[in-house]
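Below: one structure, written as structure tokens.
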Amino acid sequence: MEDFIVGIDLGGTNFRLAAVNLEGTVGDRMHCPVESARGKEAVLGDLVSSIQALAKNQRSTRGNMLAVGLGAPGLIRSEEGIVAESPNLPGWIDFDIRTPVEAALGIPLAIENDANCFALGEFWLGAAQGIRDFCALTLGTGVGGGIILNGEIWRGADGMAGEVGHMIIETDGRPCKCGSHGCLEQYASATAIRRFALEALESHGKTLLRDLRKNAEELTAQDVFEAAKKRDELALEIFRKMGHFLGIGLTNLINLLNVDRIVLGGKVSGAWEFFIHETERTVTERAFKIPARRAKIVKSLLGDNGGILGAAYLALKKIGRVQ
Ligand SMILES: [Zn+2]
């Protein structure tokens, strides 16, 4: 018999959950759509029934479900168990998740911003084990970030700290969905890579990217990655450009925080070999020498599991099973 935690990664389109034992081994997992159109209470109901189904499976072979950890996008007031607002979950404004989930399951729920969960997962079992000062960035459709200082999430006065993706790196840059301009997210995400490709296709001569899709609008960041693997010069140039902008963002973080490590995850980090050289070069050129030498830039070790493991770690902390 072995007790377990349920870790959940809630996104705008689906949620993933898994049973995690006290050492962080991931057991059964599930994957369900977020049917936002049915309303937030219905989504919460789906979440609870999925947790119950997962726990039922686990209980036949393992011990008890001790707690639930949930990572959710947006501004989370973790002390109160509330989603304050979330661009990916429309209508979830000051929405109390903890009270109904704890009432339904009879065990504690810990909730935290999803990028912070990713950082905690890497701290517990990934690329930042034993590192007390670091930043973790998820390079996906957008750019998420978590800052860990002295072994704890840096939440700031309103719980909104760590929005690394909205650090401004170009004063009159691309408009961002946050309402500002020139945010890192507009230059170092999958969305940015696709946009760089579409812009370059208008002027660039021969490139595999032109042959991949009949309709350029269908081009994806994955296509650019595939072309880079075939040494297409335009695709390689796009990743170098993205790598440079990422380096500017990391330079700001390194100069501000003097962190020991920067962990990069998310789908775009899969293209590591094509952007990291330019990122490191920019940091070496632009950051203060001593903190730049200190800050190791490393790839996430947990991949897709990072958020779930971080949420599980948070739940373990809540019930006093880890320090
Ligand atoms: Zn922004």
Side-chain angles (χ1 to χ4, degrees), residues 1-11 15-30 32 34 40-86 89 92 94-125 146 148 151-155 158-159 162 302 305-323:
M1 294 286 269
E2 193 179 23
D3 292 339
F4 64 94
I5 298 286
V6 171
I8 307 171
D9 187 4
L10 172 65
F15 64 88
R16 298 180 304 124
L17 61 162
V20 178
N21 79 5
L22 306 197
E23 281 74 48
T25 304
V26 177
D28 289 353
R29 46 171 89 234
M30 285 173 73
C32 310
V34 169
K40 55 185 189 287
E41 280 80 14
V43 174
L44 204 60
D46 291 347
L47 210 58
V48 168
S49 50
S50 304
I51 297 167
Q52 285 165 331
L54 189 78
K56 200 172 163 202
N57 279 349
Q58 285 287 129
R59 269 197 206 106
S60 54
T61 51
R62 297 188 176 192
N64 293 312
M65 173 166 66
L66 300 181
V68 176
L70 173 70
L75 171 55
I76 311 298
R77 291 212 295 272
S78 32
E79 296 281 306
E80 298 150 78
I82 284 173
V83 176
E85 60 172 293
S86 177
L89 297 165
W92 292 45
D94 292 330
F95 184 40
D96 177 3
I97 292 199
R98 180 183 293 151
T99 309
V101 172
E102 288 188 345
L105 300 173
I107 52 172
L109 171 88
I111 176 168
E112 182 52 78
N113 169 272
D114 52 0
N116 285 346
C117 283
F118 165 73
L120 278 179
E122 295 291 334
F123 178 63
W124 187 25
L125 297 163
I148 306 279
E152 299 285 341
I153 297 168
W154 182 257
R155 292 194 174 88
D158 293 300
L302 304 177
N305 279 341
I308 283 177
L309 284 168
Y313 177 75
L314 203 72
L316 280 172
K317 258 185 117 158
K318 189 177 168 96
I319 59 171
R321 299 296 283 260
V322 289
Q323 281 202 323

Looking at residues at least two apart in the chain, or sitting in another chain, which of them share a salt bridge (Lys or Arg N to Asp or Glu O under 4.0 Å) with E85?
none

So CG of N305 and CD of E122: to nearest 0.5 Å the spacing works out to 10.0 Å

For D9, give me all partners under salt bridge (Lys or Arg N to Asp or Glu O under 4.0 Å), at least two apart in sequence or on another chain.
R16

Find the distance between CE (M65) and CD1 (I107) and round it off to the nearest 0.5 Å.
3.5 Å

Set of residues satisfying salt bridge (Lys or Arg N to Asp or Glu O under 4.0 Å) with respect to D158, sequence neighbours excluded:
none

Can you see which heavy atom on A311 is nearest to which on G7, and at what distance?
CB-CA, 4.4 Å

Between E80 and R98, which heavy-atom pair has the shortest distance, and what is it?
C-NH1, 3.6 Å

What pair of heavy atoms forms the shortest contact from I8 to L17, and how long is it?
CG1-CB, 3.8 Å

Using the ring-ring contact (aromatic ring centres under 6.0 Å, His included) criterion, which residues pair with Y313? Sequence neighbours excluded.
W124

Taking the side chain as every heavy atom from C-beta outward, state whether V20 and T25 have any atom pair closer than 4.5 Å.
no

How close do A119 and G146 get, heavy atom to heavy atom, and via which atoms?
CB-CA, 4.2 Å

What is the distance from atom CG of D94 to atom CZ of R77, rounded to the nearest 0.5 Å?
5.0 Å

What do the steps show when you test Q52 against L105 for side chain to side chain contact (heavy atoms under 4.5 Å, CB included), and what is the final call?
CA-CA 8 Å; Q52 285 165 331; L105 300 173; 3.6 Å; yes

Tell me every residue that passes side-chain hydrogen bond (donor to acceptor under 3.5 Å, both in side chains) with D114, counting only those two or more places apart in sequence or in another chain.
none

Ignoring hydrogens and angles, write down the donor-acceptor pairs under 3.5 Å from the side chains of residues 41-49, residues two or more places apart or on other chains.
unit_1 : atom_1 : unit_2 : atom_2 : d
D46    : OD2    : R38    : NH1    : 3.0
S49    : OG     : G45    : O      : 3.1
S49    : OG     : D46    : O      : 3.2

With E23 via side-chain contact (heavy atoms from CB on, under 4.5 Å) - residues at least two apart
E2, N21

Evaluate the side-chain proximity of I308 to L302: yes if any heavy-atom separation is below 4.5 Å, no if none is.
no

What's the spacing between I111 CD1 and L70 CG if we round to 0.5 Å?
4.5 Å

Just wondering, do I82 and I97 contact through their side chains at under 4.5 Å, heavy atoms?
no

Who pairs with A67 by side-chain contact (heavy atoms from CB on, under 4.5 Å), at least two apart in sequence or on another chain?
I5, P108, A315, I319

Verify, without hydrogens or angle tests, whether N113 (side chain) and I76 (backbone) share a donor-acceptor contact under 3.5 angstrom.
no

Would you please test V34 and L89 for side chain to side chain contact (heavy atoms under 4.5 Å, CB included) and show each step?
CA-CA 9 Å; V34 169; L89 297 165; 4.3 Å; yes

To the closest 0.5 Å, what do you measure between CG (N116) and CD1 (I148)?
6.5 Å

Residues passing the side-chain contact (heavy atoms from CB on, under 4.5 Å) test with R155, sequence neighbours excluded, are S78, E112, I153

For D96, check salt bridge (Lys or Arg N to Asp or Glu O under 4.0 Å) against everything at least two apart and list the hits.
none

Nearest 0.5 Å please: distance from the CG atom of L316 over to the CZ atom of F4.
12.5 Å

Partners meeting ring-ring contact (aromatic ring centres under 6.0 Å, His included) with F95 (sequence neighbours left out):
W92

Can you name the side-chain contact (heavy atoms from CB on, under 4.5 Å) partners of A53, sequence neighbours left out?
M30

